[in-house]
> 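Here it is, the structure in full.
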2 protein chains.
Amino acid sequence: MASPVSPTRNHAADRRRPGAVSIREVAQRAGVSIATVSRTVNRIPSVNPELARRVWQAIDEVGYLPNTQARALVSGRSRMLGLIVSEITNPFFPELVQEFENLAVAQGYEVFIGSTNYDPVRTESLIRRMLQRSVDGVAVMTFGIEEDLVQKLVEREFPLVFVDAGPDLPNIRVLKVDYGEGIRQGVQHLAALGHRSIAFITGPLYMRSAVARRDAFVKSMAEIGLTAPAEHIVEGTHTMEGGIAGMERLLALTELPTAVMCSNDMTAIGVLHALFRTTHKVPEEISVVGFDDIHLAQFALPPLTTVQMSCKDLAAAAVEGLRAGIEPDHSRAATKQWRIPTRLVVRQSTAFPRGTLPALMQNALRVPRSGGVK
Amino acid sequence: MASPVSPTRNHAADRRRPGAVSIREVAQRAGVSIATVSRTVNRIPSVNPELARRVWQAIDEVGYLPNTQARALVSGRSRMLGLIVSEITNPFFPELVQEFENLAVAQGYEVFIGSTNYDPVRTESLIRRMLQRSVDGVAVMTFGIEEDLVQKLVEREFPLVFVDAGPDLPNIRVLKVDYGEGIRQGVQHLAALGHRSIAFITGPLYMRSAVARRDAFVKSMAEIGLTAPAEHIVEGTHTMEGGIAGMERLLALTELPTAVMCSNDMTAIGVLHALFRTTHKVPEEISVVGFDDIHLAQFALPPLTTVQMSCKDLAAAAVEGLRAGIEPDHSRAATKQWRIPTRLVVRQSTAFPRGTLPALMQNALRVPRSGGVK
DNA sequence: AGAGTTCGGGGAAACGATTACCAGAAATAC
DNA sequence: GTATTTCTGGTAATCGTTTCCCCGAACTCT
């Protein structure tokens, strides 16, 4: 018969990357069956310790890494978590992504990140991609109203985590951010300094969280007997550009407010920019408050007083919420809501209103190097 | 006795998510074999158009989505690209990630993002995770020297893309950023304004790109007959904190430079912050130039003059470079190096040196040629 | 018309894991 | 000493695809 027969079929095995080892090689080397290797790797207690030792040694020697795809295929679980954010380029989200990823990886999950860019078409494609990769659950951290868009995930009973609100279904958990408390602290801080005329630049009002923040502002103002006139509440976009545009609208008013609160830090940074362009001094002439407390906030000029929403807390709750939905005997499987606190962080973008007596004391805060201010 | 026989075995099929459909259901519904469905989905031209039509219709009716894991398992290709960045929280990277992702998705790839956070242990684990998920290739966009860390990828002959430099192997492509041209433009811009005393805050010098940027600065200075004294070149960290620290060291000098160039924009933002704290005016008293041109740069106070390195170009080259390595008949399979251009973007953080007046009056005034040409 | 060629599509073998089931060996019971 | 139970580890089925191989039908050519 012919010489040792070259394999005629071109199977995946031939395409395997050099150095890639399968469970079979380990089994052969350790002199056991592949079942035993699998059991050893998955730490099934019934394997003989001596065999286990041999298996681990073989694994080490050949550099075996279990193939996640194969594992996922048979187990029906991919150990991947989807994380949907609005825009990865908005500095708030990378911080969240980072925390989320750290926690997920610590629990043995991989993260499938995607951003909607506020585009329904893109979002739909994103969800299809997540379905195809069969993620185990998805955290929808867009702070928006995407329930119709994630309908496919809901139908298929994926464990889901939403922020602020979501359908009340067994597999769905909601992270309730306490916008009220932090914003109240912000308003009261400004009021305590003597501000009465406080404007608010919102986020895009199709976002649930933007509405919630605005409402929290109005409510906090009312609590201390203040009402902002309609023209002092302007809609922004949660971007620097939106902050600039919003501030420009406020600057065009006959009566300029003495303080501006913003629905997020990016907006506040835009506001600072607009005020810089028009040579208004912050905080001497106008105070500015942000929301989120992104890392950048402390490096704004001046460093931004802002309401902190801990993205560590948010990420931790998201991961735990997903795990609770995925792992049948998770300790908090029954928890349906997770509260996320907020609090004020005072920096240097807030001060007494312009033209008030304590203004003298402001000079103590910033000492001009030499000469006077121009 | 129990009612109609519950299935005794607990197979993955039982764990399948509601609504998940496999190729078999499609085949049955269309009245063809699964092979034909597969061929249709993969657009193999040999299938009868009439059958194909029936298959597509069935796919549509049952909402079939091919399972990527199974596909990857048999084909040996996961259609996932690894993307390794230094720190996702550094605003430069999200912009890169975004572009990379858009391009990759357009080509039918998914992106596996990971950040090293400059931690070798974390990096190693990241690479192990990428190996397990069997990515098709990896773009190492850390701008650092990670060759030893990605050794495992090199050994296994993964298609790789590096920035600046990498081993000369068949599967490896290198993106050569032209640091020289942009930095030269920056130096000449400052010199044209009349600056002679220009400092430079580097990135961390274990990063290849940080060294390259510094060298480009020194070279550009030399070209126009200037040499920066040693104390005018201080090492930073490519972060805002590093920019602050670096600027503080410069401020402590007896002879303050009239302009500061920075190895990246984050450093420059830190510098602006440090100058603000010490009430130095930018650009009246000191000019500042950044590098990268991140989105934030135009919102700095004042808007930052900077050297643009297009992360669109970078991302495009990375994706194409990987595809060239992965897809056997890619048009640019032979290309080993991809040049990334840079160019100066002038905004408002640069001006005439302090103590000089605009050009028309300069002749009348003393121009401090500190040291002159040696 | 018969013999050779295409050609399209179905059956079945992979891919690399997990795990139900079962066969022996060892341990225990009588 | 035999019968029964317990235990351990191997065999094989399975996940959802891709793709090789082959069979039968339809052509082509003399």
Side-chain angles (χ1 to χ4, degrees), chain A residues 5-17 20-28 30-55 59 62 64-79 131-134, chain B residues 6-17 19-28 30-55 59 62 64-79 131-134:
Chain A
V5 168
S6 68
T8 53
R9 293 173 66 133
N10 170 27
H11 279 305
D14 309 332
R15 280 169 245 137
R16 207 146 38 111
R17 225 162 255 300
V21 202
S22 91
I23 200 171
R24 254 168 279 273
E25 275 116 299
V26 178
Q28 190 168 15
V32 298
S33 77
I34 60 165
T36 302
V37 176
S38 174
R39 282 191 275 255
T40 306
V41 169
N42 292 300
R43 306 205 133 80
I44 307 286
S46 73
V47 304
N48 182 325
E50 163 58 14
L51 283 194
R53 201 193 50 70
R54 264 164 47 202
V55 169
I59 285 175
V62 300
Y64 167 70
L65 289 178
N67 178 324
T68 324
Q69 335 248 23
R71 226 184 241 235
L73 184 57
V74 61
S75 73
R77 295 202 11 214
S78 65
R79 294 205 74 86
L131 280 169
Q132 288 199 18
R133 298 268 166 189
S134 56
Chain B
S6 65
T8 52
R9 292 174 66 132
N10 171 26
H11 280 305
D14 310 332
R15 279 169 246 138
R16 208 146 38 111
R17 224 162 256 300
V21 198
S22 91
I23 200 171
R24 254 169 279 273
E25 275 115 299
V26 178
Q28 191 167 15
V32 297
S33 76
I34 60 165
T36 301
V37 176
S38 173
R39 282 191 276 255
T40 306
V41 169
N42 292 300
R43 305 205 134 80
I44 306 285
S46 73
V47 304
N48 182 325
E50 163 59 13
L51 283 194
R53 200 193 51 69
R54 263 163 49 202
V55 170
I59 285 174
V62 300
Y64 166 70
L65 289 178
N67 179 323
T68 324
Q69 335 247 23
R71 226 183 242 236
L73 183 58
V74 61
S75 73
R77 296 206 5 217
S78 64
R79 296 205 72 89
L131 281 170
Q132 288 200 21
R133 298 269 167 188
S134 55

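Note that this is a predicted model, so its numbers are computed, not measured. A, B, ... follow the sequence lines: proteins, then strands. Residue 1 opens every chain.
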> Determine to 10° how strongly the helix from C:dA1-D:dT30 to C:dC30-D:dG1 is bent, judged from the axes of its five-pair ends.
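So the angle between the two local helix axes works out to 50°.
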
> Quickly work out the B:L73 CG to C:dA13 P distance and round it to whole Å.
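After rounding, the gap between these two atoms is 17 Å.
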
> Between B:N48 and B:R54, does a side chain to side chain contact (heavy atoms under 4.5 Å, CB included) hold up when you go through it step by step?
CA-CA 10 Å; B:N48 182 325; B:R54 263 163 49 202; over 6 Å; no

> State whether the side chain of B:S78 and the backbone N or O of B:A72 hold a donor-acceptor pair below 3.5 Å, judged by distance alone.
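The answer is no, because no donor-acceptor pair under 3.5 Å joins these two groups.
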
> Just how far, in rounded Å, is P of C:dG16 from CZ of B:R71?
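Taking atom P of C:dG16 as the reference, CZ of B:R71 is at 18 Å.
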
> Measuring to OP1 and OP2 of D:dC15, would you say a side-chain N or O of B:N67 lies under 4.0 angstrom away?
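Checking B:N67 against D:dC15: no side-chain N or O falls below 4.0 Å of OP1 or OP2.
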
> Nearest whole Å is fine: how far is D:dC15 P from B:I34 CD1?
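Between P of D:dC15 and CD1 of B:I34: 11 Å.
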
> Within the sub-3.5 Å range, which N or O atoms of nucleotides 5-9 of chain C have a protein N or O partner, and how far apart are they?
residue : atom : partner : partner atom : Å
C:dG8   : O5'  : B:S46   : O            : 3.4
C:dG9   : OP1  : B:N48   : N            : 3.4
C:dG9   : OP2  : B:S46   : O            : 3.3
C:dG9   : OP2  : B:N48   : N            : 2.9

> Residues in side-chain contact (heavy atoms from CB on, under 4.5 Å) with B:L131, at least two apart?
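side-chain contact (heavy atoms from CB on, under 4.5 Å) list for B:L131, sorted by chain: A:L65, B:I127, B:K152, B:L153, B:R156, B:F158.
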
> Tell me which pairs pass salt bridge (Lys or Arg N to Asp or Glu O under 4.0 Å) where either residue lies in residues 39-53 of chain A, with sequence neighbours left out.
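Qualifying pairs, neighbours excluded: A:E50-A:R53.
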
> Please classify the nucleic acid contact of A:I44 as base, sugar-phosphate, or nothing, using heavy-atom distances under 4.0 Å.
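Counting heavy atoms under 4.0 Å across all strands, no contact is made by A:I44.
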
> Name all residues meeting the side-chain contact (heavy atoms from CB on, under 4.5 Å) criterion together with B:V21; count only those two or more places apart in sequence or in a different chain, and write none if there are none.
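Partners of B:V21 by the side-chain contact (heavy atoms from CB on, under 4.5 Å) criterion, ordered by chain and then number, come out as B:E25, B:V62.
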
> Rounded to whole angstrom units, what separation is found between the CZ atom of B:R43 and the C1' atom of D:dT17?
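Result: 17 Å.
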
> Nearest of D:dT19, C:dA14, C:dG16 to any side-chain atom of B:S38?
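Nearest nucleotide to the side chain: D:dT19.
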
> Identify, with sequence neighbours excluded, every residue that meets side chain to side chain donor-acceptor pair (under 3.5 Å) alongside A:S134.
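With sequence neighbours excluded, A:S134 shows a side chain to side chain donor-acceptor pair (under 3.5 Å) to B:Q69, given in chain and number order.
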
> Using side-chain contact (heavy atoms from CB on, under 4.5 Å) as the criterion, list what pairs up with B:I23, not counting sequence neighbours.
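Applying side-chain contact (heavy atoms from CB on, under 4.5 Å) to B:I23 gives B:I34, B:V37, B:S38, B:Y64.
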
> Pick the nucleotide of DNA chain C nearest each of A:A35 and A:R24; which residue has the one closer to the 5' end?
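Nearest nucleotide further toward 5': that of A:R24.
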
> Name all residues meeting the side chain to side chain donor-acceptor pair (under 3.5 Å) criterion together with B:T40; count only those two or more places apart in sequence or in a different chain, and write none if there are none.
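Side chain to side chain donor-acceptor pair (under 3.5 Å) list for B:T40, sorted by chain: empty.
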
> Round to a whole Å and report the spacing from CZ of A:R77 to P of C:dT18.
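In whole Å, C:dT18 P and A:R77 CZ are 13 Å from each other.
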
